[in-house]
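Down below is the structure, laid out as structure tokens.
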Amino acid sequence: MDFFQVFIELAQSTVRVSTPLILAALAGLFTERAGVFDIGLEGKMLGAAFAAGTVAYITQSVAMGLGAAILVSVLLSLVHGYASITQRGSQIVSGVAINFVVAGSTVILGEAWFRQGGRTPALMESGRFGTIKLPFADALREVPILGPLYSGLLSGHSPLTYFAFLMVPASWWILYRTRFGLRLRAVGENPGAVDTAGISVIWLRYRAVICCGILCGIAGAYLSLAANAGFTKGMTAGKGYIALAALIFAKWRPKNILFACLLFGFLDAFAIRYQGYAFPLIGKVPVQFMQALPYILTVILLAGFIGKAIPPKAGGVPYVKER
Amino acid sequence: MSVPHAKLPGWAEYGLIPLVNLAAAFLISGLVVLIVGESPLEAAYHMINGAFGRGEYIGFTLYYTTTFIFTGLAVAVAFHCGLFNIGGEGQAYIGGIGVALACLSFDRVLPWYLLFPIAVIGAAFFGALWAMIPGWLQAKRGSHIVITTIMFNFIAASLMNYLLNRVFKPLGSMSLETRTFETGGQLPKLDWLMSIFGLSVGNAPFNISFLLALLAAFGVWVLIWRTRLGYEMRTMGHSPAAARYAGIKEAKIIVITMMISGGLAGMMALNPIMGEQFRMQLDFVQGAGFVGIAVALIGRSHPAGIIPAALLFGMLYQGGAEISFEMPSISRDMIVIIQGLVILFAGALEHMFRPAITRIIFGLSPKGRQAAATKGA
């Protein structure tokens with residue numbers, strides 16, 4: 001029973017840590033499937049988290065905070081889109097640039113506006129996402145096995161967490177079962193063919209980039225409005241890159257993204273819980289190793305040692321109409 | 001591109017366009033300063049004064065410049081081969097292991113001038129090693145160099161965190177750093193160089209690795225434009241297909257280029273470790289690897305451009321420190337914004353101003369108008 005309790009707690013924190021990863025990785029899925037690589041996930045999430053924290057504090061409204069997060073993230077996405085779609089600049093360079101600009105501005109603006117060392121003031125209850133208690137969660141708590149699973153693991157998360165998990169099948173449906181999704185994937189594989197069919201490559205890619213902005217915005221809002229009570233300097237702490245790693249690890253597929261994010265989230269939750277714990281046979285696993293594991297796994301995957309990760313064919317290449 | 005942009009004269013290509021891009025970046029940074037409620041002009045004054053106002057300030061500026069020459073060259077070398085080495089940060093960090101090992105082993109027995117070459121080799125070796133793996137993975141296994149080098153930055157950070165925690169930290173010490181090096185592990189300052197200009201270096205850690213950086217810049221120029229290897233690298237960068245037809249061994253060139261790039265990034269570690277701190281500390285690279293990207297972009301990947309670009313960023317770093325001192329609402333993070341904007345305008349939006357500039361230049365000279373007309377026909 002004790003073991004079971006530990007399992008529930010670990011699973012619960014895995015879900016919490018995975019939520020922003022899932023949202024950000026799905027965000028990356030949309031733009032990368034459309035042929036626009038995005039290493040600016042980190043920056044967009046950070047900018048969104050800051051906007052969410054700031055606006056939610058000023059307005060004391062969680063909805064306004066979420067809206068501001070999405071707005072900022074979409075604007076940053078449009079900058080990325082302008083540079084890489086319209087100006088045909090390097091997508092990588094643009095992503096790097098956005099990460100820098102956001103990392104600097106959130107600190108400068110946060111310090112100038114709130115004077116709390118780059119953090120926003122702590123949010124009240126009304127400025128935060130509460131948790132949703134599923135029906136009968138309390139009543140069922142005492143039921144063996146199923147009770148804790150239901151009330152401890154399934155119930156009691158923020159609405160954004162449920163949204164993130166629902167977005168996985170929704171993204172699959174959008175990408176594989178709608179006309180928009182079909183075209184979006186086509187534009188990432190063979191933009192020339194899409195162009196020949198009389199569909200605007202540019203507009204499709206912009207829409208993909210906007211989808212990415214919306215999801216990244218929600219991921220950022222989760223960090224400052226649900227997981228924490230406000231924004232703190234550099235609070236994404238590499239989550240954008242982990243999401244990118246998860247996206248690659250998932251070979252650009254929605255279902256795999258769920259599992260990759262849960263795996264990376266689990267590694268994180270596990271590392272925090274078992275820091276300095278000596279395991280039988282293995283001994284002490286350095287926490288630094290656990291932290292590096294998602295990156296190491298991604299490198300190994302990219303090298304084709306555990307299956308092959310094939311990115312969208314037209315990814316990273318700006319589209320130029322034939323003349 | 002199906003239709004290349006009309007060719008601009010050299011001064012416009014290598015002077016005007018980078019300047020316009022820089023100006024755009026500074027203009028927007030100025031807006032951020034305005035939003036914060038301070039005067040951009042005052043900030044600019046403090047920045048320039050802070051970077052050049054006194055001998056000591058100049059010493060600090062040149063200290064940062066040294067670092068950025070190394071990382072800028074690292075990014076540039078890879079650029080020439082068509083590789084975007086975003087892992088300079090990790091390579092510089094790992095390069096520190098080479099410096100630290102050399103210093104910890106020999107600082108009590110060797111004078112600095114004997115230890116320095118060993119440390120240089122150590123830094124370059126470890127940096128090259130860390131860059132070789134992504135290079136090899138790209139060449140042989142087809143993994144994308146950008147993604148692998150990003151991942152390697154994080155792996156390097158974790159690895160160094162572990163090493164400083166468990167291996168390098170002296171017993172009983174709390175802070176994550178090696179012991180302080182004895183005199184053998186301390187590089188002499190360049191007092192004499194500064195005093196030629198009648199300046200005193202003061203407390204600034206402006207040291208001998210600056211000369212090594214200049215030497216490295218010259219070496220890179222020779223390598224890229226005067227050797228067979230450099231020619232093959234540039235061919236690869238221009239057209240991998242042409243390189244393949246010419247019988248250039250693609251995989252070999254990629255791995256070697258990455259190793260040179262990583263070696264240069266690794267040598268950056270000499271400056272802070274042996275030149276300033278006299279020990280290896282946690283996170284001593286402080287983003288210099290990423291600054292290298294901006295430096296290489298502004299410097300057009302040419303050593304003659306990289307040195308002034310590195311100086312510009314040295315100025316931003318040192319001047320930025322002064323700004324944050326004089327104007328408390330602007331912290332040093334302002335530099336990060338400027339750096340990001342420079343990367344954005346000089347890198348991703350490189351071609352934004354080009355059509356307008358081309359029109360203006362060709363519009364002004366009748367000969368140019370003719371040339372443009374024939375090209376357009």
Side-chain angles (χ1 to χ4, degrees), chain A residues 37 39 43 79-80 82-84 87-109 111-113 115 118 233 238 241-242 244-245 248 286-296 298-299 301-305 308-309 311 316 318 320-323, chain B residues 1-3 28 32-33 35-38 84 86 133-134 136-137 140-144 146-148 150-163 165-166 287 290 293-294 297 328-352:
Chain A
F37 279 164
I39 54 177
V79 171
H80 184 57
Y82 177 71
S84 52
Q87 291 290 336
R88 298 180 206 133
S90 159
Q91 299 169 3
I92 306 291
V93 175
S94 163
V96 172
I98 286 171
N99 287 346
F100 276 107
V101 173
V102 173
S105 345
T106 49
V107 178
I108 296 267
L109 296 178
E111 181 57 30
W113 291 339
R115 309 222 169 271
K233 182 173 162 175
Y241 294 105
I242 292 270
L244 189 70
I248 297 162
V287 64
Q288 291 90 357
F289 178 73
M290 298 294 284
Q291 283 162 351
L293 205 51
Y295 304 113
I296 297 174
T298 307
V299 168
L301 173 89
L302 274 173
F305 292 117
K308 188 103 182 109
V320 186
K321 245 185 203 302
E322 298 284 341
R323 284 173 209 243
Chain B
M1 301 254 143
S2 50
V3 175
I28 296 192
V32 177
V33 176
I35 294 174
V36 169
E38 296 277 358
F84 189 31
I86 208 166
I133 309 168
W136 184 84
L137 288 173
K140 292 285 188 192
R141 313 285 316 185
S143 17
H144 201 300
V146 170
I147 305 290
T148 343
I150 291 178
M151 302 297 150
F152 264 66
N153 283 341
F154 285 100
I155 299 172
S158 292
L159 178 65
M160 289 297 276
N161 207 325
Y162 175 78
L163 288 177
N165 244 312
R166 304 291 178 83
F290 296 116
I293 300 169
L297 287 171
S329 49
I330 303 177
S331 69
R332 283 193 75 180
D333 295 272
M334 195 67 217
I335 313 162
V336 181
I337 303 183
I338 299 179
Q339 185 188 331
L341 289 168
V342 166
I343 295 177
L344 185 67
F345 281 105
L349 294 173
E350 186 189 6
H351 300 304
M352 188 161 74

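No hydrogens, no waters, no symmetry mates; every other heavy atom, side chains included, goes into these values. Residue numbers start from 1 in every chain, and the chains themselves are labelled A, B, ... in the order their sequence lines are given, proteins ahead of strands.
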Closest-packed option against chain A by number of heavy-atom pairs under 4.5 Å, given B:Arg332, B:Glu350, B:Met352:
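Greatest number of close heavy-atom pairs with chain A: B:Met352.
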
If we define contacts as heavy-atom pairs under 4.5 Å, which of B:Val336, B:Val342, B:Asn161 has the most with chain A?
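Answer, by heavy-atom pair count under 4.5 Å with chain A: B:Val336.
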
Contacting moiety of [X], where chain A heavy atoms sit under 4.5 Å:
| X | answer |
| --- | --- |
| B:Asn153 | neither |
| B:Ile293 | side chain |
| B:Phe152 | side chain |
| B:Ile28 | neither |
| B:Leu137 | side chain |
| B:Leu344 | both |
| B:Phe84 | side chain |
| B:Ile86 | side chain |

Rounded to the nearest 0.5 Å, what's the gap from [atom1] on [X] to [atom2] on [Y]? Could you check?
| X | Y | atom1 | atom2 | answer |
| --- | --- | --- | --- | --- |
| B:Ile150 | A:Tyr241 | CD1 | OH | 6.0 Å |
| A:Ile98 | B:Ile343 | CD1 | CD1 | 11.5 Å |
| B:Leu349 | A:Ser94 | CG | OG | 7.0 Å |

Out of A:Thr298, A:Leu302, A:Ile248, which residue meets the side-chain contact (heavy atoms from CB on, under 4.5 Å) rule with B:Ser143?
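Option passing the side-chain contact (heavy atoms from CB on, under 4.5 Å) with B:Ser143: A:Leu302.
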
Given a strict heavy-atom distance threshold of 4.5 Å, which part of [X] is in contact with chain B: side chain, backbone, both, or neither?
| X | value |
| --- | --- |
| A:Ser84 | neither |
| A:Ile39 | side chain |
| A:Val102 | neither |

Anything under 30° is parallel, anything over 60° is perpendicular, the rest tilted; go ahead and classify B:Phe154 against A:Tyr295.
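Taking A:Tyr295 first and then B:Phe154, their aromatic rings lie parallel (interplane angle under 30°).
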
Kindly give the heavy-atom pair with the smallest separation between B:Met151 and A:Val299, and that separation in Å.
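Heavy-atom minimum between the residues: CB-CG2, 3.5 Å.
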
Starting from the C-alpha separation in whole Å, work towards a yes-or-no answer on side-chain contact (heavy atoms from CB on, under 4.5 Å) for A:Gln288 and B:Asn165.
CA-CA 10 Å; A:Gln288 291 90 357; B:Asn165 244 312; 3.4 Å; yes

Derivation and outcome, side-chain contact (heavy atoms from CB on, under 4.5 Å), residues A:Leu244 and B:Ile147
CA-CA 9 Å; A:Leu244 189 70; B:Ile147 305 290; 4.2 Å; yes

Is there side-chain contact between A:Arg115 and B:Ser329, with at least one heavy-atom pair below 4.5 Å?
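Yes, at least one pair of side-chain atoms sits under 4.5 Å.
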
